[in-house]
Amino acid sequence: MTALGGQDELEAQFAQWRDYVRRRPELRQSDADELEDHLRGSVDELIAVGLRADEAFLVAVKRMGSLDDLSREFAREHSERLWKQLVLTGETGGEVANTRSRRDLLVMVICAAGAVVSIKVPALFGLNFDEDGAFYAPNFSLFALPWLAGFLAWRRQVRPQLIGVLLALFALGAVAANIYPLAEDSQSVVLTAIHLPIALWLVVGLAYVADDWRSSRRRMDFIRFTGECFVYFVLIALGGGVLTAFVVGTFQAIGIEPETFISQWLLPCGVVAAVVVAGWLVEAKQSVVENIAPVLTRLFTPLFTAVLVAFLVALGWTSATIDVERETLILFDLLLVVVLGLLLYSISARDPLATPGLFDKLQFALVVSALAIDVLVLLEITGRITEYGATPNKAAALGENVILLANLAWSAWLVLGFVRRRTPFTALERWQTGYLPVYAAWAWIVVLVFPPLFSYL
C-alpha cells in the first residue's frame with residue numbers, strides 16, 4: 001500500500017466515522033469536532049510508533065470505547081440540550097441559526113395559512129364537504145402538498161427551473177383530478193383520491209432533494225422525512241382529536257352545537273395545515289426524531305413477520321382463496337407497502353459498517369413472506385380479470401402488485417446476499433431509493449390514463 005493510498009483510505013474511514021458520530025442527537029457539532037480531533041491525535045501517535053494507517057485507526061477507535069456509551073454519557077451530562085431542541089425558540093446555534101429558525105417558522109405559518117385558504121376557496125362557489133365528496137376526495141392533496149413543497153423549495157433555495165417543474169406537475173395533477181366527468185360512485189374517483197397524493201408526494205420529494213436527486217443518500221433522507229412526517233402528523237391528529245372533543249363538550253354545555261364549525265372549518269383546515277406543520281417539524285427537529293426509525297423497525301419487524309408467516313400457514317392449512325374485492329386489494333397493498341417501509345426504515349437507521357446479524361435474517365424472512373403473498377394476490381387478480389374482465393380497481397391493483405413483486409424479489413435477493421456477506425449493504429439502499437420513480441410513474445398513469453380508459457365504470 002502506498003503512502004498516498006493509505007492516506008486516502010484513512011480519510012475515507014474518518015469520513016464514515018464522522019457521519020456516524022453526527023447522527024447522534026446528543027452531540028453538538030463542536031462535540032463531534034472535538035472527538036474527531038482526539039481520534040486523529042491517537043491515530044497519529046500510533047502511526048508514529050510503527051502501525052499502519054488502517055491498524056492505527058482501528059486501535060484508536062477501540063481505545064475511545066463504545067460510541068453509544070460515550071453518547072449516553074453526553075446525554076447524562078448535557079440532557080438540557082435535548083429539551084432545548086424541543087422548544088420552538090430554544091435553539092442554541094447562535095444568532096444566525098436563530099434568525100434562520102424564525103424565518104422558517106414565519107414561512108411555515110404563511111404556507112399553512114395558504115393551505116387553509118386554498119381548501120376554503122371552493123366554498124365561495126357553493127361547494128361543501130357534506131355534498132361534494134366527488135370533488136373534495138380527489139382534490140384534497142392539492143390543497144396541502146403544493147404548500148409543503150413551497151416551504152421545502154424556499155428552505156432549499158431551489159433553482160427557478162425546478163420551481164417551474166414543480167408548478168407544472170401540480171398543475172397537471174389538478175387537471176387530472178378535475179377534467180374527467182366522473183360520477184360520484186365511479187371507481188376512478190376512488191383511485192384518483194388514493195393515487196394522486198402518492199404522485200404528488202413524489203413531487204414534494206423533488207422539492208426536498210432539490211438539485212441532488214441522483215444521490216441515493218438524499219433520496220434516503222426523503223424516505224426518512226416521509227416516515228417522520230407521518231409520525232408527526234399522527235401526533236398532531238391525536239392532539240386535534242382531543243381539541244375537538246373539548247370544543248364539542250364545552251360549547252354543548254352552554255347550548256351551542258359546534259358540529260357545523262367542526263366539519264366545515266376545524267377538521268378540513270386543521271388537516272391541510274397539519275401537513276405543512278408536520279413537514280416543518282421534521283425539518284426543524286431532525287436530530288430529536290432520528291431515533292424513531294430504529295425503534296419502529298426493531299419493534300414492528302418481528303411482529304409483521306409473525307403475522308405474514310401465520311397468514312401463509314393458515315392459507316395453506318385451510319386451502320382458502322384470497323378475496324380480490326376492492327377493500328381487500330387495498331388492504332394487501334397497504335400490507336406490502338408497510339413491509340417495504342419497514343425495510344426502508346431499517347436501511348436508513350442501520351450502520352452500514354455493521355456485520356449482518358439475527359435481525360437481518362428476520363428481515364429476509366419478512367421480505368420473502370411478503371413476496372409469497374404478493375404472488376398469491378397476483379394469481380388471484382389475473383384469474384379474476386381473465387374470467388370477468390378488467391375493472392379500474394383490478395387493473396390498478398395488478399400494476400401495483402407487479403411493481404411490488406419486482407421490488408420485493410430483488411430486495412430479497414439483495415438481503416440474502418448481504419446476510420451471506422456477498423453483497424454490500426449500500427446496494428440495497430441504492431436499489432430501494434432508485435425505485436421511487438417507478439411508484440411515481442404508476443401513480444401518474446392511474447390518475448391520467450385510467451379515468452378515460454374506464455369511463456364506463
Side-chain angles (χ1 to χ4, degrees), residues 111-151 166-204 230 233 236-237 240-241 244 258-279 326-327 329-330 333-334 391-397 400 440 442-457:
C111 290
V116 170
V117 172
S118 298
I119 201 170
K120 294 304 297 182
V121 166
L124 300 176
F125 300 92
L127 300 175
N128 63 73
F129 299 101
D130 297 330
E131 300 175 1
D132 299 290
F135 169 79
Y136 280 103
N139 282 280
F140 202 85
S141 58
L142 288 164
F143 298 126
L145 296 185
W147 294 98
L148 175 59
F151 168 73
L166 297 176
L167 292 175
L169 290 174
F170 280 118
L172 179 62
V175 170
N178 296 281
I179 194 174
Y180 304 113
L182 301 173
E184 188 170 351
D185 58 348
S186 170
Q187 293 183 16
S188 294
V189 171
V190 178
L191 288 176
T192 301
I194 294 174
H195 289 81
L196 185 57
I198 299 173
L200 296 183
W201 187 255
L202 271 296
V203 180
V204 174
F230 175 76
F233 182 83
I236 295 172
T244 303
E259 282 79 4
T260 300
F261 168 76
I262 291 173
S263 62
Q264 300 297 322
W265 287 91
L266 183 60
L267 289 181
C269 295
V271 169
V272 294
V275 172
V276 180
V277 174
R326 183 179 69 185
E327 292 77 10
L329 292 177
I330 293 175
D333 286 342
L334 285 176
T391 66
N393 290 330
K394 293 175 184 176
E400 288 157 5
W442 181 249
W444 280 110
I445 289 173
V446 173
V447 170
L448 296 173
V449 178
F450 275 38
L453 185 64
F454 296 98
S455 59
Y456 57 92
L457 289 173

Can you list the residues that meet the side chain to side chain donor-acceptor pair (under 3.5 Å) rule with Trp442, with sequence neighbours excluded? none

Testing the basics here: between Leu142 and Ala174, what is the closest heavy-atom pair and its distance to 0.1 Å? CD1-CA, 3.5 Å

The complete set of side-chain hydrogen bond (donor to acceptor under 3.5 Å, both in side chains) pairs with one or both residues in residues 264-279, sequence neighbours excluded, reads Asp130-Gln264

All side-chain contact (heavy atoms from CB on, under 4.5 Å) counterparts of Ile179, not counting sequence neighbours: Val175

side-chain contact (heavy atoms from CB on, under 4.5 Å) partners of Tyr136, counting only residues at least two apart: Pro122, Leu127, Phe129, Asp132, Phe143

Which pair of non-hydrogen atoms, one from Val203 and one from Leu166, has the smallest distance, and what is that distance? O-CD2, 3.5 Å

Can you see which heavy atom on Ala144 is nearest to which on Ala115, and at what distance? CA-CB, 4.4 Å

For the student: nearest non-hydrogen atoms of Leu200 and Leu169, plus distance: CD2-O, 4.3 Å

If the condition is ring pair (Phe, Tyr, Trp, His ring centres under 6.0 Å), which residues does Phe135 pass it with, not counting sequence neighbours? none

Enumerate donor-acceptor pairs with a distance under 3.5 Å from any side-chain N or O in residues 190-199 to protein atoms, sequence neighbours excluded.
| residue | atom | partner | partner atom | Å |
| --- | --- | --- | --- | --- |
| Thr192 | OG1 | Ser188 | O | 2.8 |
| His195 | ND1 | Leu191 | O | 2.9 |
| His195 | NE2 | Glu400 | OE2 | 2.1 |

Leu334: partners by side-chain contact (heavy atoms from CB on, under 4.5 Å), with sequence neighbours left out: Ile330

Between Phe450 and Pro392 the two heavy atoms that sit nearest each other are CE2-O, 3.6 Å

Sequence neighbours left out, what passes side chain to side chain donor-acceptor pair (under 3.5 Å) with Asn128? Give chain and number order. none

In short, Ala176 meets Leu448 closest at the heavy-atom pair CB-CD2, 3.3 Å

Qualifying residues under side-chain contact (heavy atoms from CB on, under 4.5 Å), relative to Ala397, sequence neighbours excluded: Leu329, Asp333, Ile381, Asn401

Rounding to 0.5 Å, atoms OG1 (Thr244) and CG (Leu267) come to a distance of 5.0 Å

Kindly indicate whether the side chain of Leu172, heavy atoms from C-beta on, has any atom under 4.5 Å from the side chain of Val447. no

Side chains of Trp201 and Leu148 in contact at under 4.5 Å (non-hydrogen atoms): yes

Output all residues satisfying ring pair (Phe, Tyr, Trp, His ring centres under 6.0 Å) with Trp444, sequence neighbours left out; order by chain, then residue number. none

